[in-house]
Trainee: 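Structure below; questions to follow.
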Amino acid sequence: MATNTLGRVAKALIAPTLALGATVGLASAPASAAVWSSCDQWGNTTLNGYTLYNNIWGSGAGSQCVWADSGTRWGVRADHPNTGGIKSYPNAKKVINKPITSLSKLTSSYSVTVPSSGAYNTSYDIWDTDYDYEIMLWVNRTGAVGPLGTSQGNVTLGGHTWTVYKGNNGANEVFSFVRTSNSRSGTVDILPILKWIKDTKRWFGNETVGDVQFGYEITSSSGGLDFTTDNLTVSGG
């Protein structure tokens, strides 16, 4: 959605300078011995080459805490009210910083444990270095959530079948690939998706891939819900 994408760009850019900002809400970090945890609105750290963000950016948000055993295993406890509008996008980010034509591969594997209630999606959020284009890959969703833009039909790419949506939030183009059935684990070959956008649809040129983010776009999680990334790997080169 429009505020969703614009908000995430702004928050991603300013998060490092606000990492010591005020704590949001009264949620507590997990009791387990995580190597890092934060309930700060913009809490972030870098582990094993991944940058983790708590990233509570939407209006009307409740409390949320992020924890991590490593850059590839982490989770969130979120208690956001059952109201409209995206409240947060806690995520782990890997920076690629290579043009599409210079990449020989860009793949990711994921395994998550997510709640059966609430309203959210589990998604990749992929950006070019100038933040002109956003490519979202929704691997699962629950509740009243939907992508920005209009449907462009279905396509099978990267090992999955997606319904593709194309839109603009006023700041950048947004291409959303929504998996036609929910998945909690799998591998995505991201490079063919980028090449399809570039070469088949010609929606952009030889963009330089910047951030590959993976996380949970949470609209509501009333009463407190747990989202766990049991494993995440992003490989590009």
Side-chain angles (χ1 to χ4, degrees), residues 1-2 4-6 8-9 12-13 49-51 53 71-72 89 91-112 121-141 145-217 229 231-237:
M1 297 183 180
N4 158 16
T5 304
L6 181 58
R8 283 202 310 280
V9 175
L13 292 174
Y50 295 82
T51 301
Y53 288 103
T72 61
Y89 181 63
N91 69 87
K93 177 181 77 174
K94 186 75 173 283
V95 177
I96 303 301
N97 202 29
K98 283 190 175 183
I100 294 171
T101 56
S102 296
L103 286 168
S104 60
K105 70 172 184 176
L106 181 56
T107 63
S108 179
S109 294
Y110 63 91
S111 177
V112 301
N121 68 68
T122 303
S123 57
Y124 291 89
D125 208 7
I126 303 161
W127 295 91
D128 67 304
T129 51
D130 294 327
Y131 293 95
D132 293 324
Y133 301 100
E134 177 183 19
I135 302 95
M136 296 199 74
L137 311 177
W138 294 28
V139 295
N140 64 60
R141 57 175 171 168
V145 294
L148 176 73
T150 56
S151 174
Q152 308 293 305
N154 287 5
V155 65
T156 299
L157 287 168
H160 305 262
T161 300
W162 321 86
T163 302
V164 182
Y165 295 81
K166 183 176 184 290
N168 187 298
N169 64 22
N172 52 266
E173 299 289 329
V174 184
F175 311 121
S176 298
F177 292 70
V178 180
R179 201 176 188 276
T180 54
S181 61
N182 281 345
S183 169
R184 295 190 178 188
S185 64
T187 298
V188 182
D189 193 352
I190 299 172
L191 187 55
I193 296 172
L194 301 180
K195 288 183 175 180
W196 182 81
I197 297 171
K198 172 183 172 290
D199 298 328
T200 302
K201 304 304 289 186
R202 299 186 183 276
W203 289 339
F204 56 46
N206 187 29
E207 296 295 325
T208 299
V209 180
D211 303 346
V212 175
Q213 304 168 6
F214 178 87
Y216 309 96
E217 199 171 51
T229 304
N231 187 58
L232 170 71
T233 60
V234 177
S235 302

Trainee: With side chains defined as the heavy atoms from C-beta onward, is the minimum distance between Tyr89 and Gln213 less than 4.5 Å?
Mentor: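 They are in contact (side-chain heavy atoms under 4.5 Å apart), so the answer is yes.
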Trainee: side-chain contact (heavy atoms from CB on, under 4.5 Å) with Tyr50: which of Asn91, Thr72, Val95?
Mentor: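 When side-chain contact (heavy atoms from CB on, under 4.5 Å) is applied between Tyr50 and each of Asn91, Thr72, Val95, only Thr72 qualifies.
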Trainee: A side-chain contact here means heavy atoms from C-beta on lying under 4.5 Å apart; do Thr122 and Tyr110 qualify?
Mentor: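 Contact flag for Thr122/Tyr110 side chains = no.
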Trainee: Measure across Gly205 and Ile100 and return the closest heavy-atom pair with its distance rounded to 0.1 Å.
Mentor: O-CD1, 4.1 Å
Trainee: Side chains of Trp127 and Asn172: closer than 4.5 Å at any heavy-atom pair?
Mentor: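 They are in contact (side-chain heavy atoms under 4.5 Å apart), so the answer is yes.
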Trainee: Quick one, Lys166 and Trp203 - any side-chain contact, counting heavy atoms below 4.5 Å?
Mentor: yes
Trainee: Identify the residue among Thr208, Val209, Asp211 that makes a side-chain contact (heavy atoms from CB on, under 4.5 Å) with Asn97.
Mentor: Thr208
Trainee: Distance check, rounded to the nearest 0.5 Å: Ile135 atom CD1 versus Trp196 atom CH2?
Mentor: 11.5 Å
Trainee: Specify the closest pair of heavy atoms between Val234 and Ser108, including all atoms of both residues, with the distance to one decimal.
Mentor: CG2-OG, 3.6 Å
Trainee: Quiz question: by atom type and distance under 3.5 Å, do the side chains of Arg179 and Ser181 form a donor-acceptor pair?
Mentor: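 Ser181 and Arg179 do have a side-chain donor-acceptor pair below 3.5 Å.
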Trainee: List the steps and the verdict of side-chain contact (heavy atoms from CB on, under 4.5 Å) for Val112 and Tyr216.
Mentor: CA-CA 10 Å; Val112 301; Tyr216 309 96; 3.3 Å; yes
Trainee: Indicate the atoms forming the closest heavy-atom contact of Gly71 with Ala92, along with that distance.
Mentor: O-CB, 4.2 Å
Trainee: To the nearest 0.5 Å, what is the distance between NZ on Lys195 and CG on Asp189?
Mentor: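 Answer rounded to 0.5 Å: 9.0 Å.
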Trainee: Without hydrogens or angle criteria, can the side chains of Thr163 and Asn154 be said to hold a donor-acceptor pair below 3.5 Å?
Mentor: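 Short answer, yes.
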Trainee: Hey, what do you get for CG (Asn206) to NZ (Lys198), rounding to the nearest 0.5 Å?
Mentor: 5.5 Å
Trainee: Just verifying a value: how many Å separate Thr129 OG1 and Ile96 CD1, rounded to the nearest 0.5 Å?
Mentor: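 Separation between the atoms: 12.5 Å.
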Trainee: Measuring from atom CD of Glu134 to atom CG of Asn169, what distance do you get when rounded to the nearest 0.5 angstrom?
Mentor: 7.0 Å
Trainee: Taking the side chain as every heavy atom from C-beta outward, state whether Tyr133 and Ile197 have any atom pair closer than 4.5 Å.
Mentor: no
Trainee: With a 4.5 Å limit on heavy-atom distance, are the side chains of Ser183 and Asn140 in contact?
Mentor: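 The answer is no, as the side chains (C-beta and beyond) never meet within the 4.5 Å cut-off.
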Trainee: With a 4.5 Å heavy-atom cut-off, do Ile193 and Phe175 have their side chains touching?
Mentor: no
Trainee: Just how far is it from atom NZ of Lys94 to atom OG1 of Thr233, taken to the nearest 0.5 Å?
Mentor: 8.5 Å
Trainee: Heavy-atom distance under 4.5 Å between the side chains of Met136 and Glu217, does that happen here?
Mentor: yes
Trainee: Could you pull out all residues at least two apart from Tyr124 that satisfy ring-ring contact (aromatic ring centres under 6.0 Å, His included)?
Mentor: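 For Tyr124 the ring-ring contact (aromatic ring centres under 6.0 Å, His included) partners, ignoring immediate neighbours, are Phe214.
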Trainee: If you look at every heavy atom in Arg141 and Gly146, which pair is closest and at what distance?
Mentor: NH1-CA, 4.4 Å
